[in-house]
Amino acid sequence: MFELIDKTYNPKSFERDVYEKTVQFFEPYEKAGDVFVIMMPPPNVTGKLHVGHSLTYMIQDILIRYYRQKGRKVLWQPGIDHAGIATQMVVERTLEEKGIKKSDMSREEFINVIWEWKEKSGGLIAEQQKLLGCSAPWNRSRFTMDESMNRAVRHAFVRLYKDGLIYRDKRFVNWDTKFKTAISDLEIVNKEEKGILWHIKYNFSDGSGHITVATTRPETMFGDTAVAVHPNDERYKNFIGKMVKIPFTNREIPVIADEYVDMEKGSGCLKITPAHDHNDFMVGKRHNLEIINILDEDGHMENFEYVPEFIRGIYLKKARKEVLERLKSENLLIKEEEITHSMPYGDRSNTVIEPLLKEQWFVDAKTLSVEALRAVQNKITRFIPEKWENTYYDWLNNIQPWCISRQIVWGHQIPAWFTERGDIIVEETEEEAKRIGGPNIRRDTDVLDTWFSSALWPFATLGWPENTPDLKEFFPTSVLVTGFDIIFFWIARMMMMSLYFMREVPFRDIYIHALVRDEKGQKMSKSKGNVLDPIELMEEYGADALRFTLAFFSVPGRDIKIGKEHIKISRNFITKIWNAARFLQHKNVSFEHNIKDLSPKSHLNKWVIAKLKKFQEEVDLNIKEYRFDYLAKNIQIFLRETFCDFFIEALKIVDTEETKNTAGAVFQEFLRIAHPVIPFVTDHLAQILGITDTFINKSGVHVNELPNHEESERTVDQLIERIHVERSSGDISLESFSEELKKLGC
RNA sequence: GGUCGCAUAGCUCAGUUGGUAGAGCACUACGUUCACAUCGUAGGGGUCACAGGUUCAAGUCCUGUUGCGACCACCA
């Protein structure tokens, strides 16, 4: 007959095998049902699977497997993101380890090195996703820098430009002095830190004393074009309109009055450096001040016309030290005040971001945001949980122009050319650009923000701008599953781009899941050493145990705290399923019967079918409502309390043919229902038990096909209740229990 | 400064239209009698953060307070 189930549950021995046997079903294929589509958020090409990934992909896989079972035509579009700055960083570091400097290479050579690296290491995460059980059609996988994606990106850029929604402008950008590129507002993280507020003497030109300026950035004084006080500040009222001299260079600047100045802060007197501070820039604009830039792209002091000799060409931090020393020795430094303030850092470079006035490419996000807002307000796309709508609205309502140009090499090069006269030509191809601008045009070397291509993901992966059959069939998608951390980076931008180019929302539902933290609730990070490696966990406890745990803890609106212990508990539960199967096999239970055809006579069997029906209804609801925690709990309760604790125990006493057939049929249905959450063990057991249909693409019996057995359910529930009471009062009689059961079992 | 969330057993958390407080882990005791010690059975343990209010009835709804967290903004 069939092989015996091993005594011990050893997931390692069969998981890979089970996966490979079912790979053929991962492609979308023709079915009567509607399509169900999820765009897999593409992990970074540099990525390694972490627990957070496991959660997000596991949830998607549950949905995919569930709807595939239900007969829907399912597409789970996988892919990889080129992750511009992050990848360039990683590759640069590997080069440095080999003693090679990026600066020794041409742009083309360096790009080639990255591509080589991508070909070699970029497939790692997909292999790890397979270990987790992700049932995606991998041969459809897209890379955000594929030729087809590149085509889509160029097309999108050109259209937005010609429609006036992409433009070139000189304005403040966040300048990363380490990578020498502009970054978007979102790529900044603010860090609280201790700093010093220096009070500095600026002498009046007429020799009538001084005014005290407070600043945290004394080195920028050479770019000052005014000193500002509050118009109502009695202390300084008489000084307004006078001229002061900047130390060392003695350039003269006026004292001006502006409401922006806070009398309470610092000395109440503020130096205005329009080129290096957003607010100063605004003040400068109001007062028609000159804008003097004194920093170069690496953060060194430049503009020698204004910067004194002793700090020329020096990095700003060092320049600050030098300036302070000079101030001290010349008795211009009045006091040092310790303060805490937050400073902007680049999320990748971890260096202080300088606001610099630069010419960059921008997207008019304000205009695009209108439709994106409306779509959610009108519930065409809904957030689950709903509260994230507010986050989304807040950001879109206050949206700023999106700086999309990056001065790095790894990314989609902007399809713009400059003529010798400095005119800009934006076209999809070089040929077209040359046709317009002549042969001597020069292409912009900037590349696009990685999120620009990501924003096109839901339709670009399906063949857009071509109107392909895939695009027609699979767009818009059913649900986007992701964490709240990329609502701005990605979700909002996909909404904007989809609505602009496709005139449709990219997805109906947005399911926002929790963040995974360690047992103590701390963010997992390498430096803290509290990172749980999902690969190790799967190795030790099996992919199903990891999946089950993550589902079990994914309560909406609360972060997931897990440790190894939790995975172990899930593994123990799966062992319980395993042993239930062993028992049924041991009892020679048949799995050939379909539960629909059973029509049992006994209350016991009718009862278990009624419970199964309820379980099924619950599960359907849980999936619909994205309650994966309930889903896992329901699986556990049904198997443990209904099936093992009572039904199997009863089966030991009344092992009639009817009861055994019911056991086989019910267990089989259970395996099917649990399959989306724990695909490996369920499929494996099915194979051994000789259940001929594969679970992956066949749903079990529909809830409506199961009869109602409410009376039997009540009868047996009452019996169970009585047993509990008798047991707790101590006078349990096994014989009377058996008698009762036999009555129910006839 | 703005927004949102959380506070229930020693720990991690459920509690889905208000109706006698739940699970798992941990703990205690018992148990290896046809799956399962990666287990089973039983047990102890909670003023549901605090203060008001609505209600016949509040963990659940409303107001306020405290503590914790996240995000956004500002940041001389």
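Side chains are part of it too, since the values below use all heavy atoms of this structure and drop only hydrogens, waters and symmetry mates. Just so it is clear, the model here is predicted, and its values are computed rather than measured. In what follows, chains carry the letters A, B, and so on, assigned in the order in which the sequence lines appear, proteins first and then strands, with residues in each chain numbered from 1.
When the P atom of B:rA73 is taken as reference, atom CG of A:Asp394 falls 11 Å away, rounded to whole Å. In this structure, A:Phe172 atom CZ and B:rC74 atom P are separated by 13 Å, rounded to whole Å. Distance A:His199 NE2 to B:rA76 P: 13 Å, rounded to the nearest Å. Rounded to an integer number of Å, the gap from NE2 of A:His276 to C1' of B:rA76 is 16 Å. Between the P atom of B:rC13 and the CG atom of A:Leu550 lies a distance of 14 Å, rounded to the nearest Å. We find that NE2 of A:His566 is positioned 11 Å from P of B:rA26, with the value rounded to whole Å. A:Lys191 has its NZ atom 18 Å from the C1' atom of B:rA70, to the nearest Å. In this entry the distance linking CG of A:Asp485 with P of B:rC71 reads 9 Å, nearest Å.
In terms of polar N and O atoms assigned as donor or acceptor, the side chain of A:Thr391 never comes within less than 3.5 Å of the base of B:rC72 in a complementary pairing.
One C1' atom belongs to B:rC6, the other to B:rG15, and the distance between them is 16 Å to the nearest Å. Comparing B:rA14 with B:rC61, their P atoms sit 14 Å apart, to the nearest whole Å. Here the separation of B:rC56 from B:rU47, taken at their P atoms, is 28 Å to the nearest Å. Nucleotides B:rA23 and B:rU41, compared at atom P, are 12 Å apart to the nearest Å. A distance of about 11 Å separates the C1' atoms of B:rA9 and B:rA26, rounded to the whole Å. With both ends at atom C1', the span from B:rG46 to B:rG59 equals 11 Å, rounded to whole Å. Nucleotides B:rC74 and B:rC50 are separated by 39 Å at their P atoms, to the nearest Å. Spacing of C1' atoms, B:rU60 relative to B:rA49, comes out at 16 Å, to the nearest Å.
Here A:Arg348 pairs with nothing under the salt bridge (Lys or Arg N to Asp or Glu O under 4.0 Å) rule; sequence neighbours left out. For A:Asp262, the side chain to side chain contact (heavy atoms under 4.5 Å, CB included) partners two or more places apart in sequence, or in a different chain, are A:Glu264, A:Lys265. Taking the side-chain hydrogen bond (donor to acceptor under 3.5 Å, both in side chains) definition, one finds that A:Thr177 meets it with nothing, sequence neighbours left out. Every residue two or more places apart in sequence or in another chain that forms a side-chain hydrogen bond (donor to acceptor under 3.5 Å, both in side chains) with A:Thr273 is listed here: A:Asp224, A:Lys271. A:Tyr626 pairs by the side chain to side chain contact (heavy atoms under 4.5 Å, CB included) definition with A:Leu63, A:Arg382, A:Ile384, A:Val479, A:Asp509, A:Tyr511, A:Phe628, not counting sequence neighbours. With sequence neighbours excluded, no residue forms a ring pair (Phe, Tyr, Trp, His ring centres under 6.0 Å) with A:His513. Partners of A:Glu354 according to the side-chain hydrogen bond (donor to acceptor under 3.5 Å, both in side chains) rule, which considers only residues two or more places apart in sequence or in another chain, are A:Arg217.
The aromatic rings of A:Trp578 and A:Tyr9 are tilted relative to each other, their planes meeting at an angle between 30° and 60°.
In this structure, A:Lys366 places its NZ atom where more than 12 heavy-atom neighbours from other residues, nucleotides or ligands lie under 6.0 Å away.
Annotated stems with RNA chain B as a participant read B:1-7 with B:66-72, B:10-13 with B:22-25, B:27-31 with B:39-43, B:49-53 with B:61-65, given as range with range, by first number; only runs of 3 or more Watson-Crick or G-U pairs under 3.5 Å qualify.
When each of A:Asn390 and A:Phe552 is assigned the nucleotide of RNA chain B with its nearest heavy atom, A:Asn390 is the one assigned upstream, toward the 5' end.
The closest side-chain donor-acceptor pair between A:Tyr66 and A:Asp620 falls under 3.5 angstrom.
Residue A:Lys561 places at least one side-chain N or O under 4.0 Å from the OP1 or OP2 atom of B:rC13.
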Collect all protein-nucleotide pairs involving nucleotides 15-21 of chain B in which both atoms are nitrogen or oxygen and the distance is under 3.5 Å.
from	atom 1	to	atom 2	distance (Å)
B:rG15	OP1	A:Arg627	NH2	3.3
B:rG15	OP1	A:Tyr630	OH	2.7

Distances under 3.5 Å only, N/O to N/O: pair up the protein atoms with those of nucleotides 34-40 of chain B.
from	atom 1	to	atom 2	distance (Å)
B:rC34	O2'	A:His586	NE2	2.6
B:rC34	N4	A:Lys652	O	3.4
B:rA35	OP2	A:Lys652	NZ	3.3
B:rA35	O2'	A:Asn579	OD1	3.3
B:rA35	O2'	A:Arg582	NH1	3.1
B:rA35	N7	A:Lys652	NZ	3.3
B:rA35	N6	A:Glu649	OE2	3.0
B:rA35	N3	A:Asn579	O	3.2
B:rA35	N3	A:Ala580	N	3.4
B:rC36	O4'	A:Asn579	ND2	3.2
B:rC36	O2'	A:Asn579	ND2	3.3
B:rC36	O2	A:Lys576	NZ	2.8
B:rU38	O4'	A:Asn572	OD1	3.3
B:rU38	O2	A:Arg571	NE	3.2
B:rU38	O2	A:Thr575	OG1	2.4
B:rC39	OP1	A:Asn572	ND2	2.8
B:rG40	OP1	A:Arg640	NE	3.4

Using a cut-off of under 3.5 Å, enumerate the N/O to N/O pairs linking the protein to nucleotides 6-9 of chain B.
from	atom 1	to	atom 2	distance (Å)
B:rC6	O3'	A:Arg558	NH2	3.2
B:rA7	OP1	A:Arg558	NH2	3.0

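Counting any heavy atom pair closer than 4.0 Å across all strands shown, A:Leu197 reaches sugar-phosphate atoms only and no base atom.
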List the atom pairs, donor and acceptor, that lie under 3.5 Å between side-chain atoms in residues 190-200 of chain A and the rest of the protein, sequence neighbours left out.
from	atom 1	to	atom 2	distance (Å)
A:Lys191	NZ	A:Asn350	OD1	2.5
A:Glu193	OE1	A:Tyr345	OH	2.8
A:His199	NE2	A:Glu337	OE1	2.8

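Between A:Lys633 and A:Phe552 there is a side-chain heavy-atom pair separated by less than 4.5 Å.
Remark: A:Leu689 CG to A:Glu3 CD distance equals 9.5 Å, nearest 0.5 Å. Of the inter-residue distances, the one linking A:His586 atom NE2 with A:Asn579 atom CG reads 12.0 Å to the nearest 0.5 angstrom.
Test A:Phe670, A:Phe583, A:Phe667, A:Phe615 against A:Phe643 for ring-ring contact (aromatic ring centres under 6.0 Å, His included) and you get one pass: A:Phe667.
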